[in-house]
Structures are given as C-alpha cells and as structure tokens.
Amino acid sequence: MIDIKFLRENPDVVKENIKKKFQEDKLHLVDEVIELDEKNRKAKLQGDTLRNERKTLSSKIGELMKSGKKEEAENIKSKVQEVNKKLESNEELEHKYSEEIKARMMRIPNIMDPSVPIGKDDTENVENEKFGEPIVPDYEIPYHADIIESFGGLDKESAGRTSGTAFYYLLGDIARLHEAVLAYARDFMIEKGFTYCIPPFMIRRDIVDGVMSFEEYESMAYKIEGEDLYLIGTSEHSMIGRFKGQFVKEEDLPITLTSYSPCFRKEGGSHGLEERGLYRVHQFEKQEMIVLCKYEDHMEWYNKMWNYTVEFFRSLDVPVRTLECCSGDLADLKVKSCDVEAWSPRQQKYFEVGSCSTLGDAQSRRLNIKAKGKEGNYLVATLNNTVVASPRGLIGILENNYQKDGSIKIPKVLQPYMGGKEVLIPNKK
RNA sequence: GGAGAGGUGGCCGAGUGGUCGAAGGCGUCAGUCUCGAAAAUUGAUAUACAUUGCAAAAUGUAUCAUGGGUUCGAAUCCCAUCCUCUCCGCCA
C-alpha cells in the first residue's frame with residue numbers, strides 16, 4: 001500500500017510503475033482514487049463542520065439545563081436533531097468514500113526500486129550472481145525421493161492414508177538431518193545477531209487479512225473449523241502480525257528476528273515429476289529472518305539478508321545463485337525481491353530454496369507499524385527472507401553431497417547436530 | 001471449559017451522562033539555580049486526518065481495548081467481541 005499523499009502529488013510516477021509491471025488494467029485506479037480522495041476530503045470537511053455544530057449546541061443544552069431553562073433547551077434539542085439528520089447521510093458518504101479509496105489503494109502496486117529489471121513474468125527473471133561451482137559429477141545423482149528412500153527415510157504411503165497426498169513421514173537419519181539443518185540455520189542466524197523466536201502457528205482472520213494478499217489466502221490458508229484461526233503459511237505471517245497496530249521504539253531499530261515454524265500450504269494441482277517427492281508439500285518447516293528498520297536502511301538490509309542465505313548454503317557445500325524477480329513477477333507489495341536458488345546436479349539447473357524481499361514501508365502502512373522517534377513517528381520498513389526451508393533445502397544438501405557409492409557426506413557444520421556422524425550409509429537398496 | 005475482577009495518555013492512576021483529550025503523580029525535555037551535577041523550582045510534554053498558510057503555526061474533527069447501540073450530548077449507560085488477572089476444572 002502506497003501513501004495516498006504520494007499518489008496525489010505524483011500520479012504519473014504511480015502510473016509509470018503500474019505500466020512497468022504490465023498491469024495496464026489497473027491504470028484507471030489512479031485517477032479514480034484522486035477523484036474519490038477529493039470528494040472524500042470535501043465530505044470530511046462538511047462532516048467536521050456539522051460535528052462541530054452539534055458539539056457546540058449540545059454543550060449549550062447542558063448549561064441551560066443547569067440553569068433550569070427547560071424550554072430553551074428543548075428548542076436547541078430539536079435543532080441538534082436536524083443537524084444529526086444531515087450528519088447521518090454525510091457520514092454514510094464519508095464511510096463509502098474511504099472504503100472505496102481503500103479498496104483501490106490495496107490494488108495499486110508499491111513503487112519498485114529503480115534497479116528492478118523490467119519483464120513480463122517469471123521467465124524474465126534475471127540471474128544476478130553465482131556462488132560456488134555448479135558441479136555435475138561423473139556419476140548419476142538419483143531422484144531425491146529415491147535417495148531418501150535408500151536410507152529408509154521416507155514413508156509417503158502411510159502419510160497418504162493418514163493425511164493425504166503431499167504429506168510425508170520422515171524417518172531415521174533423514175529426519176534427524178532435516179532437523180539438523182533447521183537447528184544449524186537457527187544457530188547460524190543467532191550468530192549473526194538475530195533474536196530467535198518461536199511464534200504462534202495459528203493466527204486470526206484479521207491478521208490473515210493484514211499479512212496475506214487475497215490470492216495468497218486462497219491458495220495457502222488452512223482454516224481451523226469452528227474457530228477464528230488459520231494455520232500459518234510461513235512464520236512471517238505471525239512475526240509481522242505481531243507488530244500490527246503497534247509502535248516500536250526507535251532505539252530498538254533495527255529489529256532483527258529469526259523465527260522457526262512449521263508452514264502449512266494448500267497449493268493444489270500437479271507440477272510434474274520434479275515437483276513431486278518432497279519438493280512441493282502441504283507441510284514443511286522453515287527458519288526465517290525478518291527485519292524491521294528505518295526506511296533509509298532497507299536496501300542495505302536487503303543486501304545483507306540474501307547474502308546470509310547464500311553464505312548459509314555455501315557452508316553446506318551447496319552451490320547457489322540469486323535470481324532477481326523482474327517487474328512483472330514482483331508481488332504488488334514488494335519494492336524488490338530475489339530468490340536464492342540451489343544447484344541441482346541431477347536436473348543440472350537451479351531450483352528455488354528461498355526468497356528475500358523488502359516491502360519498504362508498504363506493509364507497515366497497511367498494518368500500521370510505526371516507530372516512535374524523537375522527531376515524530378514514522379512507518380518502519382519491513383523485510384523478510386528464508387534462511388532455509390526443509391525438506392526443500394534438504395534436497396539441495398542431499399543432491400550436492402551424494403557420493404558415488406550412494407552415501408551422503410554430512411557437511412562439517414551439520415556434524416555436531418548429527419551426533420558427530422560424518423557420513424550416512426544407505427541401509428536399503 | 002466454569003466463576004469473579006478489570007482494560008483510561010510513555011508508565012502509574014482519578015474520573016459513573018454536559019467546556020474531559022481527560023485531575024494528580026512518575027518519567028521525559030527545556031529554563032532558573034550551580035564551576036558542574038544532585039536537590040529545589042518554573043514551564044512544556046499523545047496521535048491521526050482535514051482546512052488555512054511559503055512557513056512557523058492556527059483552527060476544526062476523531063481517538064479513554066475493539067465494534068455496535070441508547071442520548072441533544074458517552075471515558076462514563078446498554079449489547080457483542082477481544083485481552084489481562086484471580087479462583088476452580090481439565091491437560092502435555
């Protein structure tokens with residue numbers, strides 16, 4: 001959500017930004033908002049005047065009643081009732097206008113950073129930088145689900161019976177490795193100075209409406225029957241929701257948090273072989289980082305944050321690259337965003353393991369998250385980024401540490417979380 | 001889940017229908033005093049929106065958990081919701 005004052009003063013900038021996102025069908029919203037805004041301000045002025053009249057008259061009634069002048073008081077009463085009648089219809093107008101403005105403002109995309117590449121959709125996202133050699137070994141890397149099964153680490157069949165498709169049981173060393181990755185990610189971020197947080201895994205509807213777009217809600221949210229509760233799709237939902245309508249202290253900025261949570265997503269439909277297995281599932285676990293900072297610092301944090309994820313995967317011997325989200329693929333609330341992708345030596349291409357975004361002050365405007373500063377209050381900037389999500393991140397680790405003999409070399413940094421084991425030997429063929 | 005008590009400004013806390021955006025205190029900031037500090041003392045001290053203004057600012061409106069309602073008028077009365085605390089029950 002952008003600032004309506006900004007829109008009022010720079011309608012052309014807003015329109016240009018919409019065009020860059022290939023959303024021409026939204027251009028009309030800008031002029032509509034300007035028109036409605038004018039009407040709304042007029043109605044507010046009218047309303048304020050009427051309310052002032054009522055207040056003045058009402059207090060007179062009080063005085064008259066005290067001094068016992070009943071008739072005069074009754075006289076004024078009827079006057080106020082007239083004012084109230086006018087006010088009633090005016091308030092309806094005020095309400096209508098502000099609702100209509102809000103509905104449109106919610107659909108107008110945030111102003112992108114000038115560095116965002118122009119492109120229509122995800123096919124035009126731009127590779128920024130590679131980290132680590134994308135090695136293709138001279139032996140075949142099996143499908144990740146098959147690797148996991150060779151360790152007796154997966155039972156999808158039972159999960160199908162108990163919970164349905166896209167659920168799984170992880171077992172033994174694989175389950176342990178999955179948690180080791182998350183535990184390492186937690187400690188990795190704590191080391192970077194972030195505060196570890198375990199948030200609620202369910203949130204109320206009013207928070208859902210604040211932190212998810214309608215499209216996200218439709219494709220993602222599981223609802224708890226008979227309760228006003230929804231399972232979170234990412235800890236960002238409860239982490240950012242935490243600050244809704246709140247003031248943070250200026251001296252606490254930047255607020256740097258790293259949160260763990262399971263994530264629940266509906267996401268129906270088939271996505272082909274490579275997205276079966278454990279790639280696209282209804283339930284996974286994620287270590288996330290979120291930052292609240294001053295607006296002028298947000299780009300600096302954005303760059304720090306995706307670099308943390310790159311560093312994290314490099315410490316696990318997984319080659320990665322960053323893929324910058326082009327204008328057409330960038331979600332409306334975001335200023336800039338990139339995916340961190342891990343190398344798949346099996347597919348010989350990169351696949352998404354994380355996503356880093358800065359929303360500027362758009363999210364905090366929508367949720368009303370402000371800092372109390374010495375020079376007055378201001379909206380903070382919000383950012384979020386994946387440290388690692390597993391099983392997806394685990395796939396990258398398994399494929400890149402797969403040995404010719406079918407064993408998995410455990411990256412050094414994970415060994416302490418695996419009871420000192422250096423290698424996993426398959427127990428099943 | 002049951003029963004009770006409560007939710008007021010940065011914090012504590014008064015206020016049960018009429019100049020109440022809200023006493024008093026604490027805190028914070030500025031001044032006086034002091035070589036400086038403490039103490040004392042004086043003053044200031046919410047936010048949002050709108051209007052006027054180059055601006056400083058002025059004026060108006062709204063906000064006493066949230067949303068409705070009653071009333072000429074609501075922090076105050078009524079209803080619903082949320083939250084906190086105490087006791088009981090249940091439970092990792």
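FYI, side chains are in, hydrogens and waters are out, and symmetry mates aren't considered; it's all heavy atoms of this structure. Letters A, B, ... mirror the listed sequences (proteins, then strands); counts begin at 1.
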- [ ] Go through A:Thr258 and A:Gln287 one step at a time and tell me if the side chain to side chain donor-acceptor pair (under 3.5 Å) criterion holds.
- [x] CA-CA 7 Å; A:Thr258 183; A:Gln287 191 67 31; 2.9 Å; yes
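- Comparing B:rC83 with B:rG69, their C1' atoms are spaced 22 Å from each other, to the whole Å.
- With the nearest nucleotide of RNA chain B identified for both A:Asp37 and A:Gly47, A:Asp37 has the one nearer the 5' end.
- At the heavy-atom level, A:Lys55 lies under 4.0 Å from the strands shown only through sugar-phosphate atoms.
- Residue A:Leu45 has its side chain nearest to B:rA50 when only B:rA50, B:rU47, B:rC72 are considered.
- In this structure, the CZ atom of A:Phe247 is 7 Å from the P atom of B:rA48, given to the nearest Å.
- Taking the charged nitrogens against the carboxylate oxygens, A:Asp48 and A:Arg51 do have a contact shorter than 4.0 Å, which makes a salt bridge.
- When the C1' atom of B:rC49 is taken as reference, atom CZ of A:Arg365 falls 15 Å away, rounded to whole Å.
- Remark: the A:Gln363 side chain and the A:Glu236 side chain contain an N/O donor-acceptor pair separated by less than 3.5 Å.
- B:rG13 and B:rG1 have their P atoms separated by 29 Å, with the value rounded to a whole Å.
- Between A:Glu250 atom CD and B:rC29 atom P there is a gap of 15 Å when expressed in whole angstrom units.
- Straight-line distance between the P atoms of B:rA40 and B:rG25: roughly 13 Å, to the nearest whole Å.
- Here the P atom of nucleotide B:rU66 and the CD1 atom of A:Ile207 are 15 Å apart, to the nearest Å.
- When the P atom is compared between B:rC64 and B:rU19, the two are found 15 Å apart, to the nearest whole Å.
- Under 4.0 Å is where a charged nitrogen must lie from a carboxylate oxygen, and between A:Lys421 and A:Asp173 at least one such pair does.
- The side chain of A:Asn84 sits closest to B:rC72 out of B:rA62, B:rU47, B:rC72.
- A straight line from NZ of A:Lys77 to C1' of B:rG17 spans 12 Å, rounded to a whole angstrom.
- Picking from B:rC72, B:rU61, B:rU51 the nucleotide with the shortest atom distance to the side chain of A:Asn52 gives B:rU61.
- In this structure, A:Lys370 reaches the sugar-phosphate backbone alone: every heavy-atom distance under 4.0 Å involves primed, P, OP1 or OP2 atoms, never a base.
- Taking atom P on both B:rA38 and B:rA30, the two are 11 Å apart, rounded to the nearest angstrom.
- Between the side chains of A:Ser261 and A:Glu285, not a single donor N or O lies within less than 3.5 Å of an accepting N or O.
- Comparing the P positions of B:rG67 and B:rU52 gives a spacing of 29 Å, expressed to the nearest Å.
- Taking the nucleotide of RNA chain B with the nearest heavy atom to each of A:Lys44 and A:Gly62, the more 5' of the two is matched to A:Gly62.
- The same atom, C1', is picked in B:rC49 and in B:rU42; the two are 34 Å apart, to the nearest Å.
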- [ ] Kindly express the pairing pattern of RNA chain B in dot-bracket notation, using | wherever a base pairs with another strand and counting only Watson-Crick or G-U pairs under 3.5 Å.
- [x] ((((((((.[[[..)..(.....]]]((((((.......))))))(((((((....))))))).[[[[[..)....]]]]])))))))....
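- Looking at heavy-atom distances under 4.0 Å, A:Ile61 makes contact with a base.
- Residues A:Glu94 and A:Asn90 have side chains that bring a donor and an acceptor to within less than 3.5 angstrom of each other.
- Distance noted for atom C1' between B:rC33 and B:rU41: 9 Å (whole Å).
- Using modelled atom types, one finds a donor on one side chain and an acceptor on the other under 3.5 Å when comparing A:Asn385 with A:Thr309.
- In this structure, A:Glu53 atom CD and B:rU59 atom C1' are separated by 16 Å, rounded to whole Å.
- For A:Val80, taking side-chain heavy atoms from C-beta onward, the closest of the listed nucleotides B:rC72, B:rU47, B:rU61 is B:rC72.
- Between A:Arg41 and B:rU51 there is a side-chain N or O to OP1 or OP2 distance below 4.0 Å.
- Side-chain proximity of A:Arg51 to B:rA62, B:rC72, B:rA50: nearest is B:rA62.
- Between A:Asp332 and A:Arg107, none of the side-chain N atoms (NZ, or NE/NH1/NH2) sits under 4.0 Å from a carboxylate O, so this pair counts as no salt bridge.
- Using modelled atom types, one finds a donor on one side chain and an acceptor on the other under 3.5 Å when comparing A:Asp187 with A:Tyr417.
- Residue-level contact check: A:Arg8 touches the backbone only, with heavy atoms under 4.0 Å from sugar-phosphate atoms and none from bases.
- Note: CD1 (A:Ile76) to C1' (B:rU71) measures 16 Å, nearest angstrom.
- For the pair A:Lys249 NZ and B:rC11 P, the computed distance is 10 Å after rounding to whole Å.
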